[in-house]
Amino acid sequence: MEAERVSDWQPSASFDALRLRARLNATVRAFFAERGVMEVETPVMSVAGNTDPNIASFHLEFSGRTDGAPRTRWLRTSPEYPLKRLLAAGFGDCYELGRVFRDGEAGGRHNPEFTMLEWYRLGWDHTRLVDETAALVQAALALVGRTATLSRIAYHQLYRERLGIDVETADDEQLRAALGEVVIDPTGLTRDDWLDLLMTHRLQPSFDPDELLAVYDYPASQCALARIRPGEVPVAERFELYLGPLELANGYHELADAAEQGARFDRDREVRRGRGDIAPPRDERLLEALSAGFPACAGVALGMDRLMMAMLGTGRIADVLAFDFARA
């Protein structure tokens, strides 16, 4: 017991891992400097929070003068909203490398505070951004002497080829049956929940560890903040990038419609209230920015700790953090 108390002050990551992170950060900054993408810093606290029903935000109370503004402030789960306000103001291509916070996410692969890289490219769509995201990951892997080839597959095609499922027509029972021996309590689960479980339990574990796989054009019901492309089967113009079973990045052809974005915020808040969860306020400044004339662009968020885990070949996030949640 005494030995445990003494060692508790020690870092959770090795010095070599910390040095590698410094090299990775330098690589990221050089990568974007070459491409003319400007680094910025945006607020960590905001009067608005993330309404996504699947993400829990931390909030705190400010004790100083607010001049009538809310005292409750929300720690960011990503820098997305202020970065988009910069884009609407005319700043141009930009990125942020910084800490973000998510409540309830702690364990072997998760830490309540972690490092996210997020960037935006004017005039691009999500398919073009796949190439740049893969190039950055490949530059990172080169630091540890690894390579990975890039492959692409549409979401619908992935489920059809590897699971024999048509994601448009399969009912919930068929989706549950496709989980095989994986037993999940179905209480409260939606169709998209079953699709997500198939991704995490059946598909991701089979992904090639030496392949970067970009899964693109998701069901419209999983649009988040992406545009929906109309058609016989509408799809959300987004992608996720995997290195083997690890999800590294999530990118969108960004929604520019303020009314639609506001409606999505409201739907999210309604779902949260229905679950008895706190419903963070809408980001009204983001909606004003979208109304002012948001440029056509694509954006992507990449988890730097996940990337570090892939580079070091570890399944423990503690191995890439100076001090993980247990030692913070």
Side-chain angles (χ1 to χ4, degrees), residues 42-62 66 68-88 96 99-106 110 112-114 116 118 120 172 185-197 199 218-229 234-238 240 250-292 294 297 299-301:
T42 62
V44 170
M45 293 187 296
S46 171
V47 295
N50 189 340
T51 61
D52 188 322
N54 298 313
I55 297 177
S57 302
F58 286 103
H59 60 280
L60 49 83
E61 299 297 312
F62 178 63
T66 65
R71 292 193 177 278
T72 300
R73 299 294 161 123
W74 300 81
L75 294 182
R76 67 183 185 185
T77 60
S78 91
E80 179 169 5
Y81 299 168
L83 288 177
K84 285 183 171 178
R85 289 165 59 187
L86 284 175
L87 294 175
E96 184 162 4
R99 299 296 257 187
V100 297
F101 307 85
R102 298 190 180 185
D103 196 4
E105 298 189 12
H110 297 91
E113 58 174 308
F114 57 99
M116 179 177 287
E118 186 156 336
Y120 291 84
D172 288 2
D185 181 358
T187 305
L189 295 185
T190 66
R191 178 184 180 78
D192 283 324
D193 292 329
W194 290 114
L195 290 171
D196 285 344
L197 287 166
M199 178 68 81
Y218 276 59
S221 57
Q222 299 182 31
C223 56
L225 277 72
R227 299 185 185 207
I228 294 177
R229 186 171 70 246
V235 294
E237 295 190 323
R238 57 176 291 200
E240 291 189 359
N250 192 0
Y252 305 139
H253 191 191
E254 300 293 344
L255 179 67
D257 185 323
E260 172 60 23
Q261 186 59 74
R264 291 185 191 182
F265 282 159
D266 290 341
R267 286 196 296 270
D268 286 348
R269 285 163 48 82
E270 189 61 32
V271 170
R272 296 187 68 87
R273 283 192 288 264
R275 293 176 179 174
D277 295 337
I278 295 174
R282 306 191 321 170
D283 194 319
E284 299 296 341
R285 292 188 175 110
L286 171 64
L287 297 178
E288 289 177 19
L290 295 180
S291 297
F294 187 70
C297 66
V300 61

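Counting begins at 1 with the first residue of the sequence. From a predicted model like this one, the values you see are computed outputs, not experimental measurements.
Closest of all the heavy-atom pairs between Asp266 and Arg282 is OD1-CD, 3.0 Å. Between Thr77 and Phe101, the shortest heavy-atom distance links the atoms CG2-O, 3.3 Å. Here the closest non-hydrogen pair linking Leu86 and Thr42 is CD1-CG2, 4.2 Å. For the pair Ala48 and Pro281, the tightest heavy-atom approach, listed with the atom from each and the gap, is CB-O, 3.6 Å. For the residue pair Arg272 and Asp52, the shortest heavy atom distance occurs at NH1-O, 2.8 Å. When every heavy atom of Leu290 is checked against every heavy atom of Ala258, the shortest pair comes out as CB-CB, 3.8 Å.
Distance alone, capped at 3.5 Å, is enough to place a donor-acceptor pair between the Arg238 side chain and the Gln222 backbone. Using a distance-only test at 3.5 Å, with no hydrogens or angles considered, no donor-acceptor pair links the side chain of Arg73 to the main chain of Leu60. Put simply, the side chain of Arg85 never gets that close to the backbone of Leu286: no donor and acceptor are under 3.5 Å apart. Of the possible polar contacts, one joining the Arg269 side chain to the Pro280 backbone as a donor-acceptor pair under 3.5 Å is found. With hydrogens and angles ignored, the 3.5 Å screen pairs no side-chain donor or acceptor of Glu118 with any backbone N or O of Ser78.
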Check against side-chain contact (heavy atoms from CB on, under 4.5 Å), Leu195 and Tyr218: CA-CA 11 Å; Leu195 290 171; Tyr218 276 59; over 6 Å; no
Pair Glu237-Arg229, salt bridge (Lys or Arg N to Asp or Glu O under 4.0 Å): steps then yes or no: CA-CA 7 Å; Glu237 295 190 323; Arg229 186 171 70 246; 2.9 Å; yes
Working for side-chain contact (heavy atoms from CB on, under 4.5 Å), residues Val47 and Glu284: CA-CA 9 Å; Val47 295; Glu284 299 296 341; over 6 Å; no
Derivation and outcome, side-chain contact (heavy atoms from CB on, under 4.5 Å), residues Leu75 and His59: CA-CA 6 Å; Leu75 294 182; His59 60 280; over 6 Å; no
Derivation of the side-chain contact (heavy atoms from CB on, under 4.5 Å) call for Glu96 and Arg76: CA-CA 13 Å; Glu96 184 162 4; Arg76 67 183 185 185; 2.9 Å; yes
Residue pair Glu270, Arg273: steps toward the salt bridge (Lys or Arg N to Asp or Glu O under 4.0 Å) verdict: CA-CA 5 Å; Glu270 189 61 32; Arg273 283 192 288 264; 3.2 Å; yes
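One finds the CG atom of Asp193 at 9.5 Å from the CG atom of Asp172 (value rounded to the nearest 0.5 Å). Note that the CZ atom of Arg102 and the NE2 atom of His110 stand 9.0 Å from one another [nearest 0.5 Å]. Leu287 contributes atom CG, which lies 10.0 Å from atom CG of Asp257 (distance to the nearest 0.5 angstrom). Interatomic distance, CD of Gln261 versus CG of Leu255, reported as 5.0 Å (0.5 Å rounding). From Glu80, atom CD reaches atom CD of Glu254 across 5.5 Å, with rounding to the nearest 0.5 Å. Going from atom CG of Leu225 over to atom OG1 of Thr51 covers 7.5 Å, rounded to the nearest 0.5 Å.
Between Trp194 and Pro186 the shortest side-chain heavy-atom distance falls below 4.5 Å. Side chains of Ser221 and Arg191 form no contact here, defined as non-hydrogen atoms less than 4.5 Å apart.
Aromatic pair Tyr81/Phe265: ring centres closer than 6.0 Å.
Between the side chains of Asp185 and Thr187, at least one donor N or O sits under 3.5 Å from an acceptor N or O.
No more than 12 heavy-atom neighbours from other residues, nucleotides or ligands sit within 6.0 angstrom of CZ on Arg285.
Electrostatic pairing of Glu113 and Arg99 counts as a salt bridge here, judged by a charged N lying under 4.0 Å from a carboxylate O.
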